[in-house]
Amino acid sequence: MNPTPSQTVGPFYGYALPFPGGGDLASGGIAVHGYVYDGAGEPVPDALLEFWQTDANGSVAAAPGTMRRDPTNGAILGRDGVRFTGFGRVATDYDGHWALRTVVPGNGYISVCVFARGLLHHLYTRIYLGQDSFLDSLPPERRQTLVAVEEREGVHRFDIHLQGEKETVFLDFG
């Protein structure tokens, strides 16, 4: 039986799961940004990305969230901007672009979970900011799909290709 559009994990709209400041994990650190592309190489304008990472020392925050709400109506105001929880959530824009402001993770990578239309299940990948022994276990052409490119000091680019010749390496934790 073929899946129907209602069985996929997207699209996600701007008023749903994203929240103000969702990509601002820390101030004064680095910026990581990129695009999500489908199998035809077209940008995906309605994907949702979740990020998890360690702090600069390699520790997992394991602290409650930093979400602030309006005390009168419960509306989400955004992050408190002080505590680092290591979690972020951003939606892609009309051009398939996303951005994250964070610290360099002490373990060398940022974990990413991708939700997008057409996917029956979310996908996991990682953004590596440098060399890692896991990367050495992959063929060179596949390894490069997990390594962010430093565009300039403190700004890294990482594109996610859901299918096709440039398909990003996705990890199976099952």
Side-chain angles (χ1 to χ4, degrees), residues 9-10 12 17-38 43-44 46-67 78-93 95-116 119 121-163 166-174:
V9 295
F12 295 95
L17 294 173
F19 53 89
D24 298 330
L25 277 68
S27 61
I30 62 170
V32 184
H33 76 106
Y35 292 83
V36 176
Y37 296 104
D38 66 13
V44 178
D46 48 14
L48 183 74
L49 306 176
E50 290 185 342
F51 302 91
W52 293 272
Q53 70 167 92
T54 64
D55 64 17
N57 297 318
S59 299
V60 176
T66 61
M67 191 67 65
R79 293 180 182 268
D80 69 8
V82 177
R83 291 176 286 164
F84 177 82
T85 63
F87 175 78
R89 180 185 294 143
V90 297
T92 56
D93 66 14
D95 295 324
H97 186 254
W98 59 270
L100 185 70
R101 281 161 285 291
T102 188
V103 296
V104 175
N107 65 352
Y109 66 85
I110 300 169
S111 297
V112 185
C113 185
V114 181
F115 300 87
L119 299 177
H121 299 283
H122 49 278
L123 301 171
Y124 294 103
T125 190
R126 291 179 179 167
I127 303 169
Y128 284 90
L129 300 172
Q131 282 301 311
D132 185 271
S133 60
F134 173 71
L135 294 173
D136 295 337
S137 69
L138 299 172
E141 66 278 4
R142 303 296 297 144
R143 178 183 317 141
Q144 291 311 310
T145 70
L146 295 179
V147 179
V149 175
E150 186 169 11
E151 291 183 323
R152 59 184 184 278
E153 187 174 338
V155 179
H156 302 266
R157 180 168 172 168
F158 183 80
D159 294 335
I160 297 170
H161 296 266
L162 299 176
Q163 291 179 312
K166 298 179 181 178
E167 182 177 316
T168 300
V169 170
F170 295 104
L171 308 171
D172 182 3
F173 294 108

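Please read all numbers here as calculations on a predicted model, not as lab measurements.
For the pair D55 (side chain) and N57 (backbone), a donor-acceptor distance under 3.5 Å is present.
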Inset, instruction - Verify side-chain contact (heavy atoms from CB on, under 4.5 Å) between T102 and F51, making sure each step is shown before the conclusion. - result: CA-CA 10 Å; T102 188; F51 302 91; over 6 Å; no
Inset, instruction - Would you please test L100 and I127 for side-chain contact (heavy atoms from CB on, under 4.5 Å) and show each step? - result: CA-CA 12 Å; L100 185 70; I127 303 169; 5.5 Å; no
Inset, instruction - Using the side-chain contact (heavy atoms from CB on, under 4.5 Å) rule, take R157 and H33 through it: C-alpha gap first, then chi angles, then the decisive distance, then the call. - result: CA-CA 5 Å; R157 180 168 172 168; H33 76 106; 4.1 Å; yes
Inset, instruction - Please assess I160 against L49 for the test side-chain contact (heavy atoms from CB on, under 4.5 Å), listing each intermediate value before the final yes or no. - result: CA-CA 10 Å; I160 297 170; L49 306 176; 4.2 Å; yes
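Annotation: salt bridge (charged side-chain N to carboxylate O under 4.0 Å, His left out) contacts of D38 (sequence neighbours excluded): none. Applying the side chain to side chain contact (heavy atoms under 4.5 Å, CB included) criterion to P140, with sequence neighbours excluded, gives R143.
Side-chain contact check for H122 and E50: no donor-acceptor pair (N or O, by modelled atom type) lies under 3.5 Å.
In plain terms, the two heavy atoms of C113 and Y124 that are nearest each other are SG-CE2, 3.8 Å. Here the closest non-hydrogen pair linking L162 and A116 is CD1-CB, 4.1 Å. Minimum interatomic distance between Q53 and P105 (heavy atoms only, all atoms of both residues): NE2-CB, 3.6 Å. The minimum heavy-atom distance between L48 and P18, with the atom names listed, is CD1-CG, 3.8 Å. Between G22 and V90 the shortest heavy-atom distance is C-CG1, 4.0 Å. Nearest approach of D95 to Y35, heavy atoms of both residues: O-CD2, 3.2 Å.
The shortest side-chain heavy-atom distance between L25 and V103 does not fall under the 4.5 Å cut-off.
With rounding to the nearest 0.5 angstrom, the CD1 atom of I110 is 9.0 Å from the OG1 atom of T54. Rounded to the nearest 0.5 angstrom, T125 OG1 and L146 CG are separated by 4.5 Å. Distance CG/D46 to CG/D93: 11.0 Å, rounded to 0.5 Å. Between F115 atom CZ and H121 atom NE2 the span is 12.0 Å, to the nearest 0.5 Å.
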Show which side-chain atoms of residues 166-173 pair as donor or acceptor with protein atoms under 3.5 Å away, not counting sequence neighbours.
from: T168; atom 1: OG1; to: H161; atom 2: N; distance (Å): 2.9
from: D172; atom 1: OD1; to: G174; atom 2: N; distance (Å): 2.8

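Using a 30° and 60° split on the angle between ring planes, F134 and Y128 fall in the parallel class, below 30°.
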